[in-house]
A.B. asks: 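Quick one: the structure is below, questions incoming.
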Amino acid sequence: MFQKLEEVEKRYEEITKKISDPEIISKQEQWQTLMKEHAEIEPVVLKYREYKQTQKAIEDAKEMLNDSEMKELAEIELLENKEKLPKLEEEIKILLIPKDPNDDKNVICEIRGGAGRRRSSPICRNSI
């Protein structure tokens, strides 16, 4: 999972550079495609960066445990970040679920009232 996240983060940085390139901006269709991809992966990248920042905070807190003056603060920070880490992992897993290709499509749904009296419909069963 983390290897995929690293790849997504690299792609995000690559796209960020491309969308600010004047040559790509002049090609509107290509620029729009890159902007769309950028917007799609941005939440994943931001959450992954938050995860990495939390891991670093845990490591820093562990180092601060050796300092007698900072030990109490380090214990609190360590506990908070250790509780936060599994939540971030779950959020990242949810963000990594592939989108349905039909999510971006529009749907028209028409509901019409029926005329006449109500009657119960027979139960349909599949025969094998």
Side-chain angles (χ1 to χ4, degrees):
M1 178 173 95
F2 294 106
Q3 183 180 4
K4 179 178 172 108
L5 288 168
E6 286 291 331
E7 291 171 10
V8 170
E9 187 176 31
K10 286 178 186 175
R11 177 69 181 151
Y12 178 80
E13 291 170 1
E14 180 183 313
I15 293 172
T16 303
K17 289 177 186 173
K18 284 184 179 181
I19 59 177
S20 61
D21 182 7
E23 189 175 305
I24 301 239
I25 293 173
S26 65
K27 300 173 185 173
Q28 281 296 306
E29 194 172 307
Q30 185 180 7
W31 183 78
Q32 286 177 346
T33 304
L34 289 171
M35 285 298 291
K36 185 176 180 182
E37 184 180 354
H38 186 269
E40 286 175 0
I41 64 176
E42 186 173 36
V44 177
V45 172
L46 294 178
K47 194 58 70 176
Y48 178 56
R49 288 179 177 171
E50 184 180 351
Y51 177 84
K52 289 194 306 186
Q53 192 175 26
T54 303
Q55 277 189 322
K56 183 165 180 5
I58 289 172
E59 292 171 14
D60 292 344
K62 285 179 180 178
E63 288 178 15
M64 288 182 0
L65 285 173
N66 299 330
D67 187 358
S68 60
E69 294 177 9
M70 302 294 283
K71 185 174 184 175
E72 189 176 322
L73 179 65
E75 288 173 349
I76 294 169
E77 190 173 329
L78 186 63
L79 183 63
E80 288 174 358
N81 286 316
K82 280 190 174 183
E83 289 175 0
K84 188 178 178 182
L85 209 60
K87 293 175 188 173
L88 289 172
E89 287 176 1
E90 286 302 313
E91 290 174 11
I92 289 171
K93 286 178 185 177
I94 291 169
L95 289 171
L96 286 175
I97 294 173
K99 283 180 64 175
D100 189 315
N102 294 324
D103 283 350
D104 294 333
K105 295 182 180 176
N106 295 327
V107 173
I108 297 173
C109 182
E110 183 178 340
I111 301 172
R112 296 183 181 183
R117 49 180 255 248
R118 291 184 175 183
R119 47 190 158 138
S120 60
S121 60
I123 298 173
C124 299
R125 294 194 174 115
N126 292 336
S127 58
I128 300 176

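When a residue number appears, it is its place in the shown sequence, counting from 1. Quick note: numbers below take in every heavy atom, side chains included, and nothing from hydrogens, waters or symmetry partners.
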A.B. asks: Show, in sequence, the C-alpha distance, side-chain angles and deciding distance for Asp60 and Lys56, and conclude whether the side chain to side chain contact (heavy atoms under 4.5 Å, CB included) test is met.
C.D. replies: CA-CA 6 Å; Asp60 292 344; Lys56 183 165 180 5; 3.5 Å; yes
A.B. asks: Is there a continuous path of hydrophobic side-chain contacts, each under 4.5 Å between heavy atoms, that joins Leu79 to Met64?
C.D. replies: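 Hydrophobic grouping puts Leu79 apart from Met64.
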A.B. asks: Looking at Glu91, Lys84, Lys87, Glu89, which hits side-chain hydrogen bond (donor to acceptor under 3.5 Å, both in side chains) with Tyr51?
C.D. replies: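 Filter result, single survivor: Glu89.
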A.B. asks: Search all heavy atoms of Ala74 against all heavy atoms of Ala61 and return the closest pair with its distance.
C.D. replies: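 Heavy-atom minimum between the residues: CB-O, 3.4 Å.
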A.B. asks: Drop me the distance from Trp31's CH2 to Lys18's NZ, to the nearest 0.5 angstrom.
C.D. replies: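 Here the rounded value is 15.0 Å.
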A.B. asks: Answer yes or no: is there a side-chain heavy-atom contact under 4.5 Å between Ile24 and Ile19?
C.D. replies: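 Not in contact.
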A.B. asks: Is Leu65 linked to Ile76 within one hydrophobic cluster, defined over Ile, Leu, Val, Met, Phe, Trp and Tyr using a side-chain heavy-atom separation of less than 4.5 Å?
C.D. replies: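 In one cluster: no.
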A.B. asks: Below 4.5 Å, heavy atoms only, C-beta onward: do Asp21 and Lys17 meet side chain to side chain?
C.D. replies: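 With C-beta onward as the side chain, the pair stays apart.
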A.B. asks: How close do Ile58 and Asn81 get, counting heavy atoms only, and between which atoms?
C.D. replies: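 Residues Ile58 and Asn81, closest heavy atoms: CG1-CB, 3.4 Å.
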A.B. asks: Between atom OG1 of Thr16 and atom CG of Leu34, what is the distance when rounded to the nearest 0.5 Å?
C.D. replies: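 The CG atom of Leu34 is 10.0 Å from OG1 of Thr16, to the nearest 0.5 Å.
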A.B. asks: Is the closest side-chain donor-acceptor distance between Glu37 and Tyr12 under 3.5 Å?
C.D. replies: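 Side chains of Glu37 and Tyr12: no pair found under 3.5 Å.
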A.B. asks: Between Glu13 and Lys10 (salt bridge meaning N to carboxylate O under 4.0 Å), is one present in this structure?
C.D. replies: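 Lys10 and Glu13: not salt-bridged.
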A.B. asks: For the CD atom on Glu14, are there more than 12 heavy atoms of other groups (residues, nucleotides or ligands in this structure) within a distance under 6.0 Å?
C.D. replies: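 Yes, because the 6.0 Å sphere around CD of Glu14 holds more than 12 heavy atoms from other groups.
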A.B. asks: Kindly indicate whether the side chain of Leu5, heavy atoms from C-beta on, has any atom under 4.5 Å from the side chain of Val45.
C.D. replies: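 They are not in contact (no side-chain heavy atoms under 4.5 Å apart), so the answer is no.
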A.B. asks: Quick check: are there more than 12 heavy atoms from other residues, nucleotides or ligands sitting under 6.0 Å from CD of Gln28?
C.D. replies: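 Yes, CD of Gln28 has more than 12 neighbouring heavy atoms, counting only those of other groups under 6.0 Å.
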A.B. asks: Could you give the distance from CD (Gln30) to CD (Glu23), rounded to the nearest 0.5 Å?
C.D. replies: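 Output value for this atom pair is 8.5 Å.
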A.B. asks: With sequence neighbours excluded, tell me which residues meet side-chain hydrogen bond (donor to acceptor under 3.5 Å, both in side chains) with Glu9.
C.D. replies: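 In terms of side-chain hydrogen bond (donor to acceptor under 3.5 Å, both in side chains), with neighbours along the sequence ignored, Glu9 is linked to Arg49, Lys52.
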A.B. asks: NZ of Lys47 to CD1 of Ile94: how many Å apart, nearest 0.5 Å?
C.D. replies: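 Going from NZ on Lys47 over to CD1 on Ile94, the span is 10.0 Å.
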A.B. asks: Quick check for you: to the nearest 0.5 Å, what is the distance between Leu73 atom CG and Glu77 atom CD?
C.D. replies: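 Here the rounded value is 6.0 Å.
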A.B. asks: More than 12 non-hydrogen atoms from neighbouring residues, nucleotides or ligands closer than 6.0 Å to CD on Glu42, yes or no?
C.D. replies: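 Atom CD in Glu42 is packed in, count exceeds 12.
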A.B. asks: How long is the gap from CG on Leu88 to CD on Glu83, to the nearest 0.5 Å?
C.D. replies: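 Between Leu88 CG and Glu83 CD, I get 12.0 Å after rounding to 0.5 Å.
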A.B. asks: Look at the side-chain heavy atoms of Ile, Leu, Val, Met, Phe, Trp and Tyr, link any pair under 4.5 Å apart, and say whether Met35 and Ile15 land in one connected group.
C.D. replies: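 Yes, because Met35 and Ile15 connect within a single hydrophobic cluster, where side-chain heavy atoms sit under 4.5 Å apart.
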A.B. asks: Please evaluate residues Glu90 and Lys93 with respect to the criterion salt bridge (charged side-chain N to carboxylate O under 4.0 Å, His left out), reporting the C-alpha separation (whole Å), side-chain torsions for both, the decisive distance (0.1 Å), and the verdict.
C.D. replies: CA-CA 5 Å; Glu90 286 302 313; Lys93 286 178 185 177; 3.8 Å; yes
